[in-house]
Engineer: 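Below is a structure I'd like to ask you about.
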Amino acid sequence: MPTTLDASRSPRTLLPAAGVSVSALLLFGVHLTWAGYALLVASLAAAFVLHRPLFRDLLLIALGIGIVSTTSVEADISWDMFFLLGAVLTAAVAAPVLVDRLVYRRQAITFPWITRRRWTRLQWAYVVAVPVLGYLILPAYFIHSGSYQNWPPIQTPSEFGRFFVGVNAVGLWDELFFICICFALLRRHFPLWTANVLQATIFVSFLWELGYRSWGPLLTIPFALLQGYIFTRTKSLTYVVIIHLLFDAVVFLAIVHAHDRSIFPFFIY
């Protein structure tokens, strides 16, 4: 992944990037809407003054954040919200990509599905470990924290279908936006862990509004950081998406079970 750790690496240019990330916390995490927008605009203005290449990349991240902030991402499986949220999340990825290609005339945002690299034994082991860890951790988290109530109970076949598709679609979107857009653009200007913490702040704020509350950040923060790190090592969107969807498969099963303990009664918690 290309990096330009030049003038944008200075401490003062880190502040606008941090401001963009914290704006997501205000918008999605604590719902201080006007404060979030004010910080987002101020951060972009500061980046414009301090470092124009950083400004251009932060503008793409801010564009996506702004689009997502136009609607609630709290779990809702009604048909109206199913299509509305799908459209909003699609636009939040499509708009930065279109600006990158058509306005900036470059390809800083890419989606490396095929890398032609063979997975190592460690990578295969992690693929197996992820659903096992999800099985051991997620039911206890959702049930004992009560966070499963942030998702509506599933009763009809149509709701089961929408919930399953929704969980997986959001999981895929997470990797497209937070990793391939936010993280990749931040890596053009900052070292790995600086960029990773910045993207994780946005990622976890979104997941909080989605429903991962109570002590959910104890799970979502390491997950977001690991996804950024793994993407850096593998340079494979396919791999991080598979990891995410395996985890989300257990999320789906655990939330359904939490609402009705007679469904999927194979969890231990």
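Throughout, residue positions are numbered sequentially from 1 according to the sequence presented. All of these numbers come straight from a predicted model, not from anything done at the bench.
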Engineer: Run the side-chain donor-acceptor check on residues 123-136: report pairs under 3.5 Å with partners two or more places apart or on a different chain.
Structural biologist:
{"unit_1": "Gln123", "atom_1": "OE1", "unit_2": "Thr120", "atom_2": "N", "d": "2.8"}
{"unit_1": "Gln123", "atom_1": "OE1", "unit_2": "Thr120", "atom_2": "OG1", "d": "3.3"}
{"unit_1": "Tyr135", "atom_1": "OH", "unit_2": "Phe266", "atom_2": "O", "d": "2.5"}

Engineer: Do Thr13 and His189 come close enough that some side-chain heavy atom pair is under 4.5 Å?
Structural biologist: no
Engineer: Got Asp76 and Trp151 here, is their nearest side-chain heavy-atom distance under 4.5 Å?
Structural biologist: no
Engineer: Tell me if the centroids of the rings in Trp173 and Phe177 come within less than 6.0 Å of each other.
Structural biologist: yes
Engineer: When the ring centroid of Phe28 is compared with that of Trp208, is the distance short of 6.0 Å?
Structural biologist: no
Engineer: Please verify the inter-ring angle class for Trp79 with Phe82; under 30° counts as parallel, over 60° as perpendicular, anything in between as tilted.
Structural biologist: perpendicular
Engineer: Could you list the cluster mates of Leu26? Members are the ILVMFWY residues connected by side-chain heavy atoms closer than 4.5 Å, either directly or through other members.
Structural biologist: Val22, Val30, Leu32, Leu39
Engineer: Which heavy atom of Ala224 sits nearest to which heavy atom of Asn196, and what is that distance?
Structural biologist: O-OD1, 4.0 Å
Engineer: Which pair of heavy atoms, one from Tyr148 and one from Ile255, lies closest together, and at what distance?
Structural biologist: O-CG2, 4.5 Å
Engineer: Is any side-chain heavy atom of Ile61 closer than 4.5 Å to one of Phe183?
Structural biologist: no
Engineer: Are Tyr269 and His257 an aromatic pair by the rule of ring centers under 6.0 Å?
Structural biologist: yes
Engineer: For Tyr37 and Ser69, which I'm curious about, is there any donor-acceptor pair between the side chains at under 3.5 Å?
Structural biologist: yes
Engineer: Consider only side-chain N and O atoms of Ser78 and Asp80, and report whether a donor and an acceptor are under 3.5 Å apart.
Structural biologist: no
Engineer: Are Phe203 and Phe178 an aromatic pair, judged by ring center distance below 6.0 Å?
Structural biologist: yes
Engineer: Please check if any side-chain donor atom of Tyr212 sits under 3.5 Å from a side-chain acceptor atom of Ser147, or the reverse.
Structural biologist: no
Engineer: Tell me the side-chain hydrogen bond (donor to acceptor under 3.5 Å, both in side chains) pairs involving residues 217-228, sequence neighbours left out?
Structural biologist: Glu175-Gln227
Engineer: Please give me the minimum heavy-atom distance between Leu50 and Pro16, naming the atom from each residue.
Structural biologist: CD1-CG, 4.0 Å
Engineer: How about Thr238 and Thr115: do any of their side-chain heavy atoms sit closer than 4.5 Å?
Structural biologist: no
Engineer: Write down the atom of Cys180, the atom of Leu237, and the distance for their closest heavy-atom approach.
Structural biologist: SG-CD1, 3.6 Å
